[in-house]
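What follows is a short report on a single structure.
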Amino acid sequence: MENVVEKPIEEEKGSLFHRYKFLFLRRLTQITILALYIGGNVYGWKILQGNLSSSKILGTIPMADPFAVLQILATGALVATDTLIGALIVMLFYATIGGRAFCSWVCPVNMVTDLANWIRKKFKLDRDEFHPLYINRGVRYWILGLSIIISAIVGTAAFEMVSPISILHRGLIFGMGFGWTIVASIFFFDLFVIKNGWCGHLCPLGAFYSIIGQKSIIRVHHNHEKCTLCMECKSVCPEKQVLSMVGKDGYTSFVNSGACTNCGRCIEVCPADALNFKLKIKNPEKEVETNA
Amino acid sequence: MDEKTKISRRKLIVNTLQGIGISFLGGSLWAGFVYEAKSDPLILRPPGALPEEDFIKKCIKCGLCVEGCPYDVLYLAKPGDNKPLGTPYFIPRTNPCRMCEDIPCVPPCPTGALDIKSVSSIKNGKEVLDINKARMGLAVVDHENCIAFWGIQCDACYRACPLMDKAITLEYERNERTGKHAYLRPVVHADFCTGCGLCEHACVTEKAAIFVLPRNIALGKAGKHYVKGWMQEDEKRLEGSKSIETQKTERTHKKAEDYLNEGF
């Protein structure tokens, strides 16, 4: 305990790479995945073919967007086993390991909204005097429900018809058309209207992964003993409600909320090394030991 | 029950109703848009596509068919194309289907929106791909602007057709105007036409005078009460029918001049 207190918090955390380790890795993952898909269409590479809705790894292992498949099933159509297996593979991965990692490590919209957020921060647009519009973060779950209901009524996957994620991703691989207007609207919404407006409030795919990824094992872990209450983590977190344990006396625990995207920004910015990725395998109840 | 829980329950109910209200508003707009945006009656789908109603349910918009096509015939509809977003289609006038024998666009489909069975036939007890069974659309000839109908010799579509003399035949007729020439008119046969569009692509007129339309647009329907009595197969439909059913409209008891003059 003592050595933590004496550690000067202003100390540089090392090289640029070290300070932005996860951000760098995330961009690398996002761009690599995108490049492999584009190569699959343009040059016929076999590593990743298709797009985020459904694809094949090395021409054999199927992957499918489980939320898109759910909407298709809601229309009353039965899909081929290839798609069902693909959806199951993706779903199992995020449910057991990744949590909501899709949002911050794979989704191309993340780069758009992160840019909006970065500019927002640079120009300090987040002040109360600007009377920011308020939308409840729960709205995305309503949109998730609506996607399923509308799919069943209209007879086609409803969110897939309007999804900015698919429009951007498909656009980059197969041609954008007027798709940039939708991407721009998300950008300006996040930049001028609400902080993390799309990803943190409206996106039903994020909501879907929040639900299925709730029990995944890779988790951000907060160590109360090391925490200096500087609140840097909360200021960078796109879903700050998930860090509710920070600042509570004697409360050491995992980030349990499914809304956490495992982006790792909080870990990078923490000057006291109080936050880390850890495997949550044992019972979280036991983890909440106190020393208060 | 204490006061606190009462209020929170009331709050919960009101909040839920608020959610329902705004969902109904947003949902109606969203559903209305999707309902309009999901259909384009003139869209031409890849070979083996299910009927449009089922296709639009099953297609997951992955583009694996587009990537499968070696001639870059297929597009995925992008915003601004005025087609159901993200679904595959082709434009025969600019790039017709080449009818590959191994149909590389169909097997990659992960959902079954492109149905392998519909483009397969049994050969020697084995199921093999058969592109001639594809029914992407049906070629239709515009008799007014097809120059062969004017008496000018042109058989571009006939020669472009991969099912020459089956899907398109030439019909000869004496040209009475000149007295010494013949009309060589192209005639499309729906039983064989796959809708590949090679004819539309080959057509020499400024705007194609032979073009592919979706089959449900191009074809009429006679109704099942018409029986082709001269065809054994069709006449079998009458087997088992017990009596001739007539419409049970009650006969009027008025005189002809009465009901004919009604309304005057």
Side-chain angles (χ1 to χ4, degrees), chain A residues 37 40-42 44 49-56 59 62-65 68-69 71-72 75-86 136 138-139 142-143 145-147 149-151 153-163 166-167 170-171 173-182, chain B residues 15-16 18-39 50 52-70 72 74-88 107-116:
Chain A
Y37 276 123
N41 184 40
V42 180
Q49 288 174 296
N51 62 29
L52 289 177
S53 298
S54 183
S55 49
K56 281 221 157 127
M63 287 198 295
D65 174 355
V69 172
Q71 290 170 70
I72 292 176
T75 67
L78 284 172
V79 290
T81 37
D82 234 25
T83 306
L84 287 178
I85 293 168
N136 192 305
V139 166
W142 286 84
I143 297 178
L146 271 180
S147 307
I149 295 169
I150 295 174
S151 299
I153 295 172
V154 176
T156 190
F159 181 62
E160 299 311 302
M161 248 347 174
V162 295
S163 161
S166 314
I167 288 170
R170 205 166 45 224
I173 302 169
F174 297 101
M176 193 62 111
F178 285 130
W180 61 267
T181 53
I182 291 120
Chain B
N15 281 356
T16 310
Q18 283 174 338
I20 290 170
I22 199 133
S23 299
F24 206 83
L25 174 69
S28 307
L29 288 170
W30 181 4
F33 167 75
V34 173
Y35 190 72
E36 289 299 318
K38 74 160 187 166
S39 68
L50 297 173
E52 187 61 20
E53 185 90 343
D54 298 321
F55 181 83
I56 203 76
K57 281 182 185 173
K58 275 198 186 183
C59 175
I60 200 166
K61 306 168 180 184
C62 64
L64 284 168
C65 53
V66 176
E67 291 181 7
C69 178
D72 293 338
L74 296 171
Y75 302 101
L76 272 196
K78 44 188 194 296
D81 283 358
N82 262 331
K83 303 258 188 302
L85 197 59
T87 57
C109 179
T111 60
L114 302 179
D115 179 19
I116 297 182

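To find a chain, count down the sequence lines: A is the first, B the second, and so on, and within it residues start at 1.
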Between [atom1] on residue [X] and [atom2] on residue [Y], distance to nearest 0.5 Å:
| X | Y | atom1 | atom2 | value |
| --- | --- | --- | --- | --- |
| B/E53 | A/T156 | CD | OG1 | 9.5 Å |
| B/E67 | A/I173 | CD | CD1 | 7.0 Å |
| A/N51 | B/L64 | CG | CG | 7.5 Å |

So which heavy atom on [X] is nearest to which on [Y], and how close?
| X | Y | answer |
| --- | --- | --- |
| A/M161 | B/A37 | CE-O, 3.9 Å |
| A/A77 | B/K57 | CB-CB, 3.9 Å |
| B/P79 | A/I167 | CG-CG2, 4.0 Å |

Please lay out, stage by stage, how B/I20 and A/W142 fare under the test side-chain contact (heavy atoms from CB on, under 4.5 Å).
CA-CA 9 Å; B/I20 290 170; A/W142 286 84; 4.1 Å; yes
Side-chain touch B/C62/A/Q49, heavy atoms, less than 4.5 angstrom:
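They are not in side-chain contact.
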Any side-chain heavy atom of A/R170 sitting closer than 4.5 Å to one from B/L85?
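Yes. Closest side-chain heavy atoms under 4.5 Å.
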Checking A/F174 now: which residues fulfil ring-ring contact (aromatic ring centres under 6.0 Å, His included) with it, not counting sequence neighbours?
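Listed in chain order: nothing, the list is empty.
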Distance-only donor-acceptor hits, side chain of residues 21-34 of chain B, under 3.5 Å, sequence neighbours excluded:
{"residue": "B/S23", "atom": "OG", "partner": "B/G19", "partner atom": "O", "Å": "2.6"}
{"residue": "B/S28", "atom": "OG", "partner": "B/F24", "partner atom": "O", "Å": "2.5"}
{"residue": "B/W30", "atom": "NE1", "partner": "A/A158", "partner atom": "O", "Å": "3.4"}

Quick check on B/L76 against chain A: is it the side chain, the backbone, both or neither that has a heavy atom closer than 4.5 Å?
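Only the side chain of B/L76 comes within 4.5 Å of chain A.
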